[in-house]
Amino acid sequence: MKLKTKNLLTLAELTPKEFTGLIDNSIKLKKELKKGGNKLILKNKTLTMIFQKPSTRTRVSFETGMYQLGGHAINLSSHDMQISRGESIEDTAKTLSRYSNCIMARVYEHDLLEDLAKHATIPVINGLSDSFHPCQILADFMTIKEKKKKFQGLKIAWIGDGNNVCNSMIYGAALSGVSMSIATPKGFEPDKIAVKEAQKKTKIELTADPFIAVKNADVVVSDTFSSIHNLDKKRLQKFLPKYQVNDKLMKSAKKDAIFLHCLPAKREQEVTSSVIDGPQSVVWDEAENRLHTQKALLAALIRA
Ligand code: CP
Ligand code: NVA
């Protein structure tokens with residue numbers, strides 16, 4: 001499968017057909033792996049990973065994914081690179097393009113990714129920025145497809161902070177035709193441009209009331225109230241107790257609703273243990289699916 005885009009920075013680069021195609025390929029790769037192993041379609045290819053922020057899932061799933069497809073991943077903390085001593089993003093991008101086949105970067109400012117992508121001659125993947133987390137959303141929609149068998153007619157309720165993961169989920173909703181209701185405190189709404197663009201393709205509702213958001217929802221999603229770039233403890237007062245996903249809120253969604261969370265989670269803050277560790281939670285499948293979706297993405301970008 002070929003993608004029109006060279007880079008994946010937000011999800012907005014994909015067509016609906018490419019988005020659902022990537023998810024179908026992820027499901028195929030998962031089956032192939034469980035049957036005994038994947039074909040080594042990225043033999044001799046390398047992925048350079050740059051982390052400005054900590055990571056568990058993104059780092060391990062990308063590295064394992066490259067290995068399972070016959071390639072190799074190099075892990076770099078930005079502190080260990082010459083960027084930390086003032087080397088420009090332009091020179092870094094040009095250099096890495098001469099060694100590697102793809103760059104995955106986790107950064108604070110999204111503009112840095114745009115800069116990397118502009119100067120790199122190889123694909124650049126966003127492994128999370130302050131504004132977007134597209135790889136997470138590929139895994140989330142794969143999980144939704146596995147559990148619900150379709151996208152058509154589904155409703156997602158996002159509860160809490162209209163953050164980077166929420167922004168990318170809005171693009172995922174637009175690409176799949178799923179509708180979204182987003183409940184946030186005033187001042188914590190998602191990216192206005194993402195909402196406006198997505199509203200041309202699907203229903204995106206903004207509310208301050210979590211109970212309105214979960215009404216008839218097939219999928220309930222939460223994320224931390226304090227993202228890596230937003231660690232101010234005073235934030236919590238704006239979210240608690242109203243925006244916690246607990247049993248009462250889950251019961252107000254559809255009976256067969258599933259619960260998603262990108263992890264890491266803070267139990268008893270954005271979600272209670274009874275929900276995240278309960279029967280409606282699919283967070284471990286969701287975390288696993290990072291591996292399968294990123295392999296489909298790497299294969300599509302590197303082999304294109
Ligand atoms: N969900 C996610 O991106 O997890 P990490 O921060 O552990 O990579
Ligand atoms: N919104 C969270 C997601 C972590 C994977 C953050 O940016 O820290």
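As the structure lists them, so they are numbered: ligands from 1, and atoms in each ligand from 1. In this chain, residues are counted from 1 in sequence order. If you're wondering where the values come from, they're calculated on a predicted model, not measured in any experiment.
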Ligand 2 contact on Ile228 by region, counting heavy-atom pairs under 4.0 Å: both

Test: Glu270 and Lys266 ion pair at under 4.0 Å: no

Short N or O distance, Thr224 and ligand 2, threshold 3.5 Å exclusive: no

For atom 4 (O) of ligand 1, closest protein heavy-atom neighbour: Arg57 NE, 2.8 Å

Residue that, paired with Val282, satisfies side-chain contact (heavy atoms from CB on, under 4.5 Å) out of Asn289, Ile144, Leu260: Leu260

Pair Asp256 + Lys147, salt bridge at N-O below 4.0 Å: no

Residue part near ligand 1, for Arg59, under 4.0 Å between non-hydrogen atoms: neither

Contacting atoms of ligand 1, where contact means under 4.0 angstrom from a heavy atom of Thr56: 5 (P), 7 (O), 8 (O)

Atoms in ligand 2 flagged as close to Leu128, the criterion being non-hydrogen separation under 4.0 Å: 3 (C), 4 (C), 5 (C), 7 (O)

Which of the ligand 1 atoms, numbered from 1, are nearer than 4.0 Å to a heavy atom of His133: 2 (C), 3 (O)

Side chain, backbone, both or neither: Asn164 near ligand 2, heavy atoms under 4.0 Å: side chain

Minimum side-chain heavy-atom gap Ile182-Pro190 below 4.5 Å: yes

Side chain, backbone, both or neither: the part of Thr58 lying under 4.0 Å from ligand 2 by heavy atom: neither

Separation of Thr293 OG1 from Ile23 CD1 (nearest 0.5 Å): 8.0 Å

Enumerated ligand 1 atoms positioned under 4.0 Å from heavy atoms of Arg290: 1 (N), 2 (C), 3 (O)

Under-4.0 Å salt bridge between Lys238 and Asp232: no

Tyr243 and Leu249: CA distance, side-chain angles, deciding distance, side-chain contact (heavy atoms from CB on, under 4.5 Å) verdict: CA-CA 9 Å; Tyr243 295 91; Leu249 195 63; over 6 Å; no

Test of proximity, Asp223 against ligand 2: N or O pairs below 3.5 Å: yes

Sidechain N-carboxylate O distance under 4.0 Å for Lys118, Glu114: no

Ring centres under 6.0 angstrom apart (Phe239, Phe188): yes

Side chain, backbone, both or neither: Leu263 near ligand 1, heavy atoms under 4.0 Å: backbone

Nearest-neighbour protein heavy atom for atom 6 (O) of ligand 1, which is reported as residue plus atom name and distance: Arg106 NH1, 2.8 Å

Result of checking Arg290, Glu288, Gln294 against His292 for side-chain hydrogen bond (donor to acceptor under 3.5 Å, both in side chains): Glu288

Cys262: numbered ligand 1 atoms lying under 4.0 Å from its heavy atoms: 1 (N)

Ligand-residue contact atoms, ligand 2 with Leu263, heavy atoms, under 4.0 Å: 5 (C)

Identity and distance of the protein heavy atom lying nearest atom 2 (C) of ligand 2: Ser227 OG, 3.3 Å

